[in-house]
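Inspection log for the structure reproduced underneath, given as C-alpha cells.
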Protein chains: 2
Amino acid sequence: MNKIFNKPRTWLLNRFHLHLLPNQWWRQYFQLSESGDDLQPKSWRSVEGLVQCSANYVPLTPISFLERAADVYRDRTSVIYGSLKYTWEQTHRRCVKLASALTQLGISPGDVVATLAPNVPAMQELHFAVPMAGAVLCTLNTRHDSNMLATLLTHSQAKLLAVDHQLLDSAVAAIHLLKKPPLLVIISDAGDRPPSDLKTNAYHYESLVDGGVAGFSVLRPTDEWDPISVNYTSGTTSRPKGVVYSHRGAYLNSIATVFMHGMAAMPTYLWSVPMFHCNGWCLAWGLAAVGGTNVCLRRCDPKDIFDTIVLHKVTHMGGAPTVLNMIVNSPEDHRKPLPQRVEIMTGAAPPPPLVLSKMEELGFRVSHLYGLTETLGPGTSCLWKPEWDSLPTEDRFKLKTRQGVRHFGLEEVDVKDPITMESVECDGKSMGEIMFRGNTVMSGYLKDPKATAEAFTGGWFHSGDLAVKHPDGYIEVKDRSKDIIISGGENISTVEVETVIYSHPAVLEVAVVARPDNHWGQTPCAFVKLKDGFNCDGQDIIDYCRNRLPHYMAPKTVVFEELPRTSTGKVQKFLLREKAKVLSSIS
Amino acid sequence: MNKIFNKPRTWLLNRFHLHLLPNQWWRQYFQLSESGDDLQPKSWRSVEGLVQCSANYVPLTPISFLERAADVYRDRTSVIYGSLKYTWEQTHRRCVKLASALTQLGISPGDVVATLAPNVPAMQELHFAVPMAGAVLCTLNTRHDSNMLATLLTHSQAKLLAVDHQLLDSAVAAIHLLKKPPLLVIISDAGDRPPSDLKTNAYHYESLVDGGVAGFSVLRPTDEWDPISVNYTSGTTSRPKGVVYSHRGAYLNSIATVFMHGMAAMPTYLWSVPMFHCNGWCLAWGLAAVGGTNVCLRRCDPKDIFDTIVLHKVTHMGGAPTVLNMIVNSPEDHRKPLPQRVEIMTGAAPPPPLVLSKMEELGFRVSHLYGLTETLGPGTSCLWKPEWDSLPTEDRFKLKTRQGVRHFGLEEVDVKDPITMESVECDGKSMGEIMFRGNTVMSGYLKDPKATAEAFTGGWFHSGDLAVKHPDGYIEVKDRSKDIIISGGENISTVEVETVIYSHPAVLEVAVVARPDNHWGQTPCAFVKLKDGFNCDGQDIIDYCRNRLPHYMAPKTVVFEELPRTSTGKVQKFLLREKAKVLSSIS
C-alpha cells in the first residue's frame, strides 16, 4: 500500500527462470494467439537451438559480487574497522542473516530501507543485505538536520531507518515529526537504548544479525532494471532529489569504477568517500567484485589516514578536495612514510597544482574523476597517457585538472549546446553543457517525472555543468551553469578565478560567486579561508588576480570566512550567493 | 530467406529508444487493454519518475568498446603487424567503412559472415565490422580441410567468406562443393587474384575498406540478446557444433576476461591465441574496452615471440600448452631477456611443473585458465592468493595446475553429480562434472535444440569435464567425461597419468586414452612424443609410472609418435582412441 517500488509479477520471473522453454513458450506470457503472427515479437527466439534459461541468463545485480566473493575470496579480509575484522565468507553470512531479519520485520520487496551512518561496517553490509531482502537502500547524508531527514524519510516512504548511535538524536527528532514513522534499527557496539518515549519500534543491529536465518533464500531481482537504491542529491543548488539506481546500472558502474581506479584483484581500500554518497561511488558493491578489503573509519583525520595506510597497507582511497587539503596541510608529526604508492581518486573540484605536487611528494598518486549523483558517481576520469609522464611538472598538473574521458560503462559523454543539442568544437574554448548517455545513468528522479523529463531532454542526461572540449577530446569543467557569473555581458568561469586564488600562498580554500551589481549586472565575489598563520587582505587577493587574469574576471569583493560545505565536500554556493546578495543590499 | 538470425521487429526498438515515454506507454507494445489489470507486467514502470530511454539504456554490445576507444584512446596504437600500425581512431574508421561495404554487398542484419584467417589485422577488424553491419561473425578454424569448411559454411548459411590469401585454395575447394556459395573476400597485401573459374563473386578486402562510406550509420543490436558470433567447437570429441554468443554475453565476458588477465588500461597484447578460437577468448573485443594494443603475428615461432615482446614491450599474451612448450624448448639463440615480466595465460591442459619453472626463469608469469567454447572462452582461473607466494616451489606449481575459481561474469561454477545435480564434497577427492551458470554462457547450439537441451539440463551448462573441488573451493579437472578410463571397475583420470609421464625428462608431449581390453574392460594407453635427442622405450615409461602411481593406473601400452592436435592445441583424443582400438583388434 505505502510501497513505492512495486515488484513485477511473475511475468519476468517466468520469462527468465523456466528452464529449457519450448520454442513457442513466450506465447503465453505475451498473451498472443497461435495464429497471430502479426503480434509476435520476432527476434533471436525464432532461431532454433537458442534458449534463455537460468544456465545463461541472470539479471545483473551487485548481489552476485557478494555471493562470488564468499566463494572465491572466502578467507580474504572483507572489512577492517579498528580491531574488528571479517572475511568475505563472514560478511556474506552476516548479510544473508540481516536480509532474513529485515524480512521478518516486515520489509518486503520494493520497500525502502534508509540509513543514517558514517563509514562503519554496518553501512557496507546494508548495501548488500537490503537488496537481498528485495528492498531499496536509501543512504541519507549524515549532516542533514532532523527537518531534512523527516522530509526525505517521508518522500522515500522508508519503512525502516538504520541509524548509527552517534546520530540517534537527529533520527529520533526526525521520527517525532512523522505521521508514519519507520522502524528504527540502532547501529552500536555499546548497546545504546533508544529513548523510552520513541514513537516507533526499535531494534539493535547486532541482535538482528544474530537472530537472522543463515539459510534464508536471498531475494534476487527478477528484472535487472528494478531499483537497488535511492540517493538524494547533495543539494548544492536546490532541494535534494531522489536519484534511483537500478541493479543493472549499479552492477555495470561498480565494475567500471573498479577499473577506473586501476584496481587489480584484492586491493585494500580506505573509506574516506562517504558510503552514503552515490553508494560510495558504487565501490560499496564494487569491492566485493574484486575481493577488496574495506578499511572503515568512523571519521577521517590526517593522523588516522596515515596510520591506517601504514597499518593495513592501503592501496587505494578516494576523497573530496577537502580530504586532499587535510592531508597536505597536516602537521609533520602526523605524517608517516607510505609503505607503497597509494592511488587516491578525487572529485568535486579539480585539484590545484600545489595540492597535487605536495600529494606526490608524500607518496600519493592523485587521479581526477568527475560525475554526479545521477551518473552513479564518477563517470569520467582524467585518464593518464604514459607519454604525459615526461612533460614539465606544470603541464602535467594542468592536464590533471581536466575531467577527462568517460569510463567504459558509459556510452557517450559530450559537451553540447543544450538548445540545439549540437556538440561544441573541440577547441578548448567553446563552452557547452556536459551531457551523459549510457547504462550507468540513473533511472530517474523518484516521484518527480517533471524533473526526470527535464534532465533527459533529447535523450541525454543534462548535467548542468559547463565545460569545454580540448582537441584531444578531454573535457574540462568551467562551471556549474547556475554558478557562472555574467559581468558586463562577459561570461566569467568561477572555477578559473578560483584556480588563480588557490595558487596564492596564503589561501587554504576559496569559492567565487556572483554578487548582484547595478552597473555590471554581476561581479565576482570571493569567499576565502586563509591557512593558519597566514595573513593577507582583500586588496592583496584582488591585485594577485589582476596580475594573472583579465581585469573583469578579478573579484571586486573578498570576504574572509569558513566556507559552508555539504558533507560530500562541495561548497554550498547557493548560501554564498545569498550572502553576496545581502552584501549588495547593505552596501 | 536463407537468413537464420531473424532480427526483432520494431518491438524492442520502440521499447527502448523512444524518449520519455508516457506512463502507460507499454500498453501499446504489450497489446494490453486499458482495463486489463491482470495482464499488466507490473514492475519499475509503475514508479512515477522513472523512465527507460536512450539517456540511460543501451543494449550491451562490444561495438561500444570500439566507439569509446576511437574517442578515449584515439591516438594510441590499436594494431601492430610487421611494419603496419593503426591507431584506435583509424581502426574505428576502417571498421565503419568495412561495415558499410558489407552492407553494400548485400549483407543484412542477421546474416552470417565467415572468416578463414590467422591472426592478421583484418581478423581484429572483422570482429567489429561484421556486428556493425548487424551481421553475425563465424570465425572458422584455419586447419579445417575443404570438406569440413563446406559443411560448416552450409550449416551456418554464411553469405560471405573472408579468407586469407594463404588459405585461398582450401576456401575455393570448399566453395566448389557448395550449391549456394558465399561471396568471397580475399585478405591479402599482394592483391592476389581469385581463380578465373570461381563459382562466386570475389572482392579484395582492402578495396572494400577503401570503398566503404565513413559516415555509415552503424547497425547496433536492438536486443542485447541478439547473436554476435557463432564459434564452432574444436571437435575433440564429436563433430563441431555451432556455439552462439550474444552481444550481452560477449560484452560481459570481454570485461571479465580483461580483468582476469590483470590488465590495467592500455596493455600490449601479443596474439598467440587464435582469434578464431572463442573470438580470441573475447579479447578481440576486450582489448578495445581498455585501449590495448593488438600485436598480430601470422604465425608464432619462439624467435618471433621473443623478438616481438622486446620490440613492442608486450605486457600480456595467451597460449595453449604447445605455445609454452615451444617457448621453453626454444634454442638459446632465439631467446632474449624480456624488458619486463610478461603475463601469459594458458588453458586447455594444466601446465606441468617443469614448464612452469622454466617459464618463470625466462621472465614470464604463467596463469592457468579454464573454459570451453560454450563459456565464451576461459570461465575460471587459478586466482593467485598473495599468501601463496611464500610456499615452496613444488607446492606453488601444484596449486598453479588447478582450474581455480570463476571470474565475475559468471554466476556459479560448481562440480556436481550430473544425475542428482547435488554438489560434490569439497574434499579434493569426490569427482563430479563441472557445471556453469551465468550471463557468459552461450545462447545455445545453432539449429540443434536437442544438443542445447542436453547441455542445459537442470538449468546448468554441463561441461563434460570431470573434476574435484578442493577444501578452499578451487576446482581441479581430472578428465573429460568421455576420456576417463574405467579399468577393472576403477576410474582412471588420464590427466593424472599424463601429468606423471610429462614429468619424465625425455617426454615432450603425452596423451593417454583407453584401450579396449577383454579382461579389464579398458586399460591406459599412452601416446608419447619424445624431446629431440632423447631416447627411452615403453617399458621405461611404464616403470616410471609404476613408481609414482597405483599400478592399475600405469599404462599397459606406450606408443611413440606425433600427437594429432586441433589448431587450438588440444589433442584429438578421439583419433588416438581409434588407434588404440585398432591396436587391440590386431594384438
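Below, chains carry the letters A, B, ... as their sequence lines are ordered, and counting in each starts from 1.
- For Asp75(A), the part lying under 4.5 angstrom from a heavy atom of chain B is the side chain only.
- The contact between Asn439(A) and chain B is made by backbone and side chain atoms together, counting heavy-atom distances below 4.5 Å.
- With sequence neighbours excluded, the residues that form a side-chain contact (heavy atoms from CB on, under 4.5 Å) with Ser381(A) are Met260(A), Leu369(A), Leu383(A).
- Between the Thr452(A) side chain and the Leu50(B) main chain, no donor and acceptor come within less than 3.5 Å of each other.
- The salt bridge (Lys or Arg N to Asp or Glu O under 4.0 Å) contacts involving residues 248-257 of chain A comprise Glu224(A)-Arg248(A), Arg248(A)-Glu224(B), where partners must be two or more places apart or lie in separate chains.
- Side-chain N/O atoms of Ser443(B) and Gln52(A) include no donor and acceptor closer than 3.5 Å.
- Contacts of Leu60(A) with chain B are made by both backbone and side-chain atoms, with heavy-atom separations under 4.5 Å.
- From Arg68(A), atom CZ reaches atom CZ of Phe408(B) across 7.0 Å, with rounding to the nearest 0.5 Å.
- Comment: Glu387(A) engages Arg76(B) in a salt bridge, judged by a side-chain N to carboxylate O separation of less than 4.0 angstrom.
- Nearest heavy-atom pair, Lys385(A) versus Val72(B), reported as atom, atom and distance to 0.1 Å: NZ-O, 3.4 Å.
- Side-chain contact check for Asn56(B) versus Met442(A): every heavy-atom pair is 4.5 Å or farther apart.
- In this structure, the portions of Ala265(A) lying under 4.5 Å from any heavy atom of chain B include both its backbone and its side chain.
- With a 4.5 Å cut-off on non-hydrogen atoms, Met435(A) does not touch chain B at all.
- Between Lys450(A) and Glu48(B) there is no salt bridge, since no side-chain nitrogen of the basic residue lies less than 4.0 Å from a carboxylate oxygen of the acidic one.
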